[in-house]
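Data first, discussion second: the structure below is written as structure tokens.
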Amino acid sequence: MWIRIRRGTGLARRRDRARHALGRHPRRLVVPRLWRCQGGFRDGRGRARVSTSAPHAIAIIGSGATGYTAAKVLRAEGFTGSITMIGSEHAAPYRRPTVSKELLTGTKSIEQVQLGSAIDGVDVRSGVTAVGVADSTVLLDDGDPVPYDALLLATGSRARQLDLPGHVFTLRGAADVEPLHADILRTRSLLVIGGGLIGCEAAAAARSLGAEVTVLEAAAAPLNRIAPAAVSQMYVDLHADNGIAFHTDVAVTDLTEQGDGTSLVTAADGRSWSAGTVLVSVGSVPNVELGAGMGLEIGSGVLVDAGMRTSTPNVYAAGDVAEVPNRLLGGTYRSEHWNGALDQAARAARSMMGVEPGDLDVPWGWSTQHGVNLQFAGWTRATDEYVVARGSVADRHFTACALRDGRLVGAIGVGYPKDIRQVRAAIATGSPVQRDQLTEAWLDGPQAVVR
Ligand SMILES: Cc1cc2nc3c(=O)[nH]c(=O)nc-3n(C[C@H](O)[C@H](O)[C@H](O)COP(=O)(O)OP(=O)(O)OC[C@H]3O[C@@H](n4cnc5c(N)ncnc54)[C@H](O)[C@@H]3O)c2cc1C
């Protein structure tokens with residue numbers, strides 16, 4: 001349930017603001033319980049677990065999965081100081097993956113997808129944007145300052161735009177859904193520029209609403225950042241079976257609004273398509289600007305260590321905005337998936353309390369299109385060597401393991417979520433797995449820890 005509380009009329013309280021009592025249905029979080037005691041925190045057996053320099057006032061910028069989970073874990077771990085969570089969206093924290101699925105099809109309402117669980121005493125500022133950070137204070141666009149002694153940047157990403165004339169839609173948050181949904185119902189035709197996961201999900205959702213749907217993909221195959229050619233083709237076929245026209249190798253160069261209200265989209269090679277509604281779904285851009293303004297080290301995201309610590313003391317970043325180290329393959333990466341956001345948020349919370357959070361999970365994500373649930377894990381590329389260890393891609397029921405330089409680096413599959421957990425656990429151990437070991441027996445074997 002969401003409530004509105006009126007604040008006092010002092011200088012810093014001059015504006016009424018929505019305050020969210022964070023829901024009623026706690027999701028179970030498996031975190032060790034810590035108890036606040038004099039000078040720090042203790043676990044259930046009275047052992048000191050965290051440093052005595054734990055912060056007293058934590059500010060979280062971003063109220064998506066990362067911000068929300070961090071606040072929840074902080075309280076679950078026994079943090080009793082103040083937590084202020086600032087979010088520019090008006091909606092209460094919700095499950096963003098539903099934006100291109102249940103929310104767009106209209107099968108669920110925003111209330112049904114809220115991340116609703118009670119978090120004691122979290123001051124949630126919704127519909128407010130943090131515009132700067134200086135002198136350990138977050139500056140808000142309504143003029144209110146939020147002082148902190150630890151800060152979490154959980155600002156996520158925004159939809160990448162294409163420089164096209166004319167009206168197009170993008171899809172990132174709950175506020176994008178209603179106008180797009182209404183336009184699809186009005187025009188009954190959707191053209192999606194971008195055949196990535198979100199574009200494909202939106203295409204499937206629009207099809208289920210009865211629209212004519214066309215997808216244009218710049219690459220030679222859809223999903224080719226994470227999937228081998230056979231799986232990409234499986235997706236083209238899946239969409240074709242559901243009446244969606246899928247075109248690859250399309251470099252969109254122009255969009256013209258026509259007299260009949262439709263848009264004509266033209267490609268560099270002269271091909272063109274027209275549709276009533278155009279959705280641009282060409283990836284995301286991390287919201288690093290606040291971090292950059294603070295002088296944090298920025299790569300493709302805000303650079304952090306495994307404890308989500310940025311280059312500045314007491315400032316943390318997690319979720320889509322963070323660029324984390326890859327302890328197994330070297331280098332860094334941004335997770336950009338739901339479970340990565342939850343894992344990193346929990347780590348950031350523990351770090352803030354002085355608890356070393358250990359190794360990052362092997363990342364994984366999922367996508368649901370036309371009722372087919374794809375899961376993927378690790379750091380796969382189209383160029384990896386894939387071994388179908390169970391089932392068959394043609395049957396749309398399979399687990400394919402990815403090897404690079406003879407090393408297990410990930411998996412992708414449909415219908416066998418336990419296999420994905422098995423592969424993640426095996427990757428996490430870093431122990432070598434030979435190509436000919438990758439069989440159903442290995443996937444069913446006892447060697448991996450399934451979480
Ligand atoms: C349409 C869609 C479908 C998806 N489907 C899947 C899926 O099926 N499976 C999967 O694994 N992952 C999926 N994802 C990815 C997953 O949702 C994200 O990885 C996850 O939500 C990231 O959470 P986050 O909290 O880090 O960032 P976000 O969810 O982006 O939240 C960041 C929040 O910070 C706010 N913010 C930004 N800047 C400021 C500021 N200056 N002041 C105040 N607030 C600010 C933003 O408005 C936003 O509310 C999907 C993503 C999208 C967009």
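Sequence positions, counted from 1, serve as the residue numbers for this chain. Read the numbers this way: they start at 1 and go in the same order the structure lists the ligands and their atoms.
Closest heavy-atom approach to atom 15 (C) of ligand 1 within the set Glu336, Arg96, Gln344: this belongs to Glu336. Counting heavy atoms only, Ser88 comes closest to atom 43 (C) of ligand 1 of the residues Ala70, Ser88, Ser126.
Residue contact check: Val128 has heavy atoms under 4.0 Å from atoms 43 (C) of ligand 1. For ligand 1, the atoms lying closer than 4.0 Å to a non-hydrogen atom of Gly64 are 25 (O), 31 (O), 33 (C). Taking every non-hydrogen atom of Ser157 and a distance limit under 4.0 Å, the qualifying atoms of ligand 1 come out as 30 (O). Counting the atoms of ligand 1 from 1 in the order shown, those under 4.0 Å from a heavy atom of Gly365 are 11 (O). Residue Glu89 approaches ligand 1 through these ligand atoms, each under 4.0 Å from one of its heavy atoms: 47 (O), 48 (C), 49 (O). Remark: ligand 1 atoms within the under-4.0 Å shell around heavy atoms of Gly319 are 26 (O). Ligand 1 places these atoms under 4.0 Å from at least one heavy atom of Ala154: 32 (C), 33 (C), 34 (O). Ligand-side atoms of ligand 1 in range of Leu290: 41 (N), range being under 4.0 angstrom from any heavy atom.
Counting heavy atoms closer than 4.0 Å to ligand 1, residue Thr66 contributes atoms from both its backbone and its side chain. Contacts with ligand 1 closer than 4.0 Å are made by side-chain heavy atoms of Ala341 only, the backbone lying farther away.
Residue-to-ligand polar distances place His337 within reach of ligand 1: an N/O pair is separated by less than 3.5 Å. Considering both main-chain and side-chain atoms, Asn339 never comes within under 3.5 Å of ligand 1 through any nitrogen or oxygen pair. At under 3.5 Å, a nitrogen or oxygen of Ala65, whether backbone or side chain, sits near a nitrogen or oxygen of ligand 1. The distance criterion of under 3.5 Å between nitrogen or oxygen atoms is met by Trp338 with respect to ligand 1. For Ser367, no nitrogen or oxygen atom sits less than 3.5 Å from a nitrogen or oxygen atom of ligand 1, counting backbone and side chain alike. Not a single N or O atom of Val321, backbone or side chain, sits closer than 3.5 Å to an N or O atom of ligand 1. Checked against a 3.5 angstrom limit, the closest N/O atoms of Ser100 and ligand 1 fall outside it.
Residue contacts with ligand 1: Arg95 is excluded, as none of its non-hydrogen atoms falls under 4.0 Å. Heavy atoms of Lys101 come nearer than 4.0 angstrom to ligand 1 in at least one pair.
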Side chain to side chain donor-acceptor pair (under 3.5 Å) between Thr155 and Asn287, intermediate numbers included: CA-CA 6 Å; Thr155 48; Asn287 294 319; 5.1 Å; no
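Remark: Glu356 engages Arg309 in a salt bridge, criterion side-chain N to carboxylate O under 4.0 Å. A salt bridge between Asp144 and Arg125 is present, with a side-chain N of the basic residue lying under 4.0 Å from a carboxylate O of the acidic one. A salt bridge is defined here as a Lys NZ or Arg NE, NH1 or NH2 lying under 4.0 Å from an Asp or Glu carboxylate O, and Asp320 with Arg96 fails to meet this definition. Arg381 and Asp384 are not joined by a salt bridge, as no carboxylate oxygen comes within less than 4.0 angstrom of a charged side-chain nitrogen.
The shortest distance between side-chain heavy atoms of Gln161 and Thr170 falls below 4.5 Å.
The aromatic rings of His167 and Phe169 sit perpendicular to each other, their planes meeting at more than 60°, with 30° as the lower class boundary. Between His247 and Trp273, the two ring planes are tilted [angle within 30° to 60°].
Atom OG1 of Thr66 and atom CH2 of Trp338 lie 8.0 Å apart (nearest 0.5 Å).
The protein non-hydrogen atom at the shortest distance from atom 9 (N) of ligand 1 is Trp366 O, 2.9 Å. Taking atom 14 (N) of ligand 1 as the reference point, the nearest protein heavy-atom neighbour is Pro97 CG, 4.2 Å.
Scanning all heavy atoms of the two residues, the minimum distance from Val280 to Val282 falls at CG1-CG2, 3.7 Å. Residues Ala377 and Arg424 approach most closely at CB-CG, 3.5 Å, considering heavy atoms. For the residue pair Val131 and Asp141, the shortest heavy atom distance occurs at CG1-CB, 3.8 Å.
Judged by distance alone, with hydrogens and angles left aside, the side-chain atoms of Asp135 form no donor-acceptor pair with the main-chain N or O of Thr137 at under 3.5 Å.
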